[in-house]
Amino acid sequence: MSSENLISSAIVRKFADKLLDGLKLDVAIVGGGPSALVAARDLAVKGLKVAIFERKLAPGGGTWGGGMLFNEVVVQDAALPVLDDFGIRHESITDAPGYHTLDSVEMASGLIFGALQAGAKIFNSVSVEDIVFKAGKVNGLVINWTPVERLGMHVDPLTVIAECVLDGTGHPSEIIRLATDKAKIKLDTPTGNILGEKPMWVDNGEASTVENTREYFPGLFACGMSANNVMGGYRMGPVFGGMLLSGRKIAGIIAGRCGK
Ligand code: 48F
């Protein structure tokens, strides 16, 4: 076989194995932002079969750009154990006790690396366009290549079956929105619907992100800004402690559900 054939067939075979293995999961996570990456790592560490489906070529969500493209972010004391588990470095801010800065590129790449090394799979450039909804429960995802979605090509998708589906899609809560719009489900919120994100209030938003991280319908969970949008929490900008702690919290809830 020529080198050209060897290289191409190795990639196709290896990817086919990975995708086949990813078609039936304990936990299917939509979106590869910071909260989802922490959840993926923690779930994989607990022995669950977990994969992230991320629309963009590069996972990491809103981490890379820091604040207004100044590539530094801030976390609070409470989130340091999460960063330490990933080996991501941080520096305390001398005139702001309790706060720490870190390089946003190190944070994004460190979270991605940590999730993969723990055993989570990441399928990038894959968009989730629908859910599988059977017998009153969310049972999985409907996926397609992002270029197919972007070009509006009329190409049928594939499906992923999962015990639990985690919406980590950030501000728009895309998967929970799909579930309310198409499956007409009533969420576990005061109105049964998405309440919608409120404007900036850092301390309140950080606390509510973690508080709002939970199951909203049988088999359907939310973390990070998605959870905050569902429950009408405030936004908080480039402080990321709440995102990291949200990922850790939802991993504990889902693992408990799966008996781990
Ligand atoms: O928004 P995002 O970074 O998720 P997060 O964990 O973190 C929020 C913060 O980055 C920031 C903030 C904190 O201070 O306010 O915004 O809540 O990442 C969400 C990811 O989901 C992907 C999207 O490309 C992004 O990388 N995504 C969204 N919808 C889909 C999706 C979809 N339908 N299919 C696949 N990926």
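When a ligand or atom number is given, it counts from 1 through the structure's own listing order. Side-chain atoms are counted along with the backbone in the values below, which use heavy atoms only and exclude waters and symmetry mates.
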Determine whether the side chain, the backbone, both or neither of [X] has a heavy atom under 4.0 Å from any heavy atom of ligand 1.
X	value
Val239	backbone
Arg55	both
Phe53	backbone
Met225	both

For ligand 1, which atoms have a heavy atom of [X] less than 4.0 angstrom away?
X	result
Val126	35 (C)
Gly170	1 (O), 4 (O), 17 (O), 19 (C)
Val30	32 (C), 34 (N), 35 (C)
Phe240	9 (C), 10 (O)
Gly168	4 (O), 19 (C), 20 (C), 21 (O)
His171	15 (O), 16 (O)

Hey, is [X] one of the residues with a heavy atom under 4.0 angstrom from ligand 1?
X	value
Glu129	no
Asn228	no
Arg235	no

Can you check whether Gly62 has an N/O within less than 3.5 Å of an N/O in ligand 1?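 The answer is yes, given that Gly62 and ligand 1 share an N or O pair closer than 3.5 Å.
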Kindly confirm or rule out an N or O of Ala36 lying under 3.5 angstrom from an N or O of ligand 1.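 Among all N and O atoms of Ala36, none is under 3.5 Å from an N or O of ligand 1.
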Nearest-contact summary for [atom] - protein heavy atom, Å:
atom	answer
atom 21 (O) of ligand 1	Gly31 CA, 3.1 Å
atom 34 (N) of ligand 1	Val128 N, 3.0 Å
atom 28 (C) of ligand 1	Thr169 CB, 3.5 Å

Can we say [X] and [Y] salt-bridge, meaning some charged N sits less than 4.0 Å from an Asp/Glu carboxylate O?
X	Y	value
Arg55	Glu174	yes
Asp167	Arg177	no
Asp85	Arg248	yes
Asp188	Arg214	yes

Under 3.5 Å side-chain donor-acceptor pair for [X] and [Y]:
X	Y	result
Thr101	Glu91	no
Ser127	Asn144	no
Ser2	Asn5	yes
Ser246	Thr209	no
Asn193	Thr180	no
Asp84	His90	yes

For the side chain of Ser92 and the backbone of Thr94, is there at least one donor-acceptor N/O pair under 3.5 Å apart?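 No, the answer is negative, given that no donor and acceptor are paired below the 3.5 Å cut-off.
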Could you name the option among [options] that has the heavy atom nearest to [atom]?
atom	options	value
atom 13 (C) of ligand 1	Pro238, Gly205, Gly242, Gly237	Gly237
atom 33 (N) of ligand 1	Glu54, Glu174, Met243	Glu174
atom 6 (O) of ligand 1	Ser35, Gly224, Ala222	Ser35

Under the side-chain contact (heavy atoms from CB on, under 4.5 Å) test against Arg41, which residue among Val38, Val45, Leu43 passes?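 The single option meeting the side-chain contact (heavy atoms from CB on, under 4.5 Å) with Arg41 is Val45.
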Please identify which of these residues, Val165, Ile176, Leu166, meets the side-chain contact (heavy atoms from CB on, under 4.5 Å) condition with Phe221.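 Going through the options one by one, the only one that passes is Leu166.
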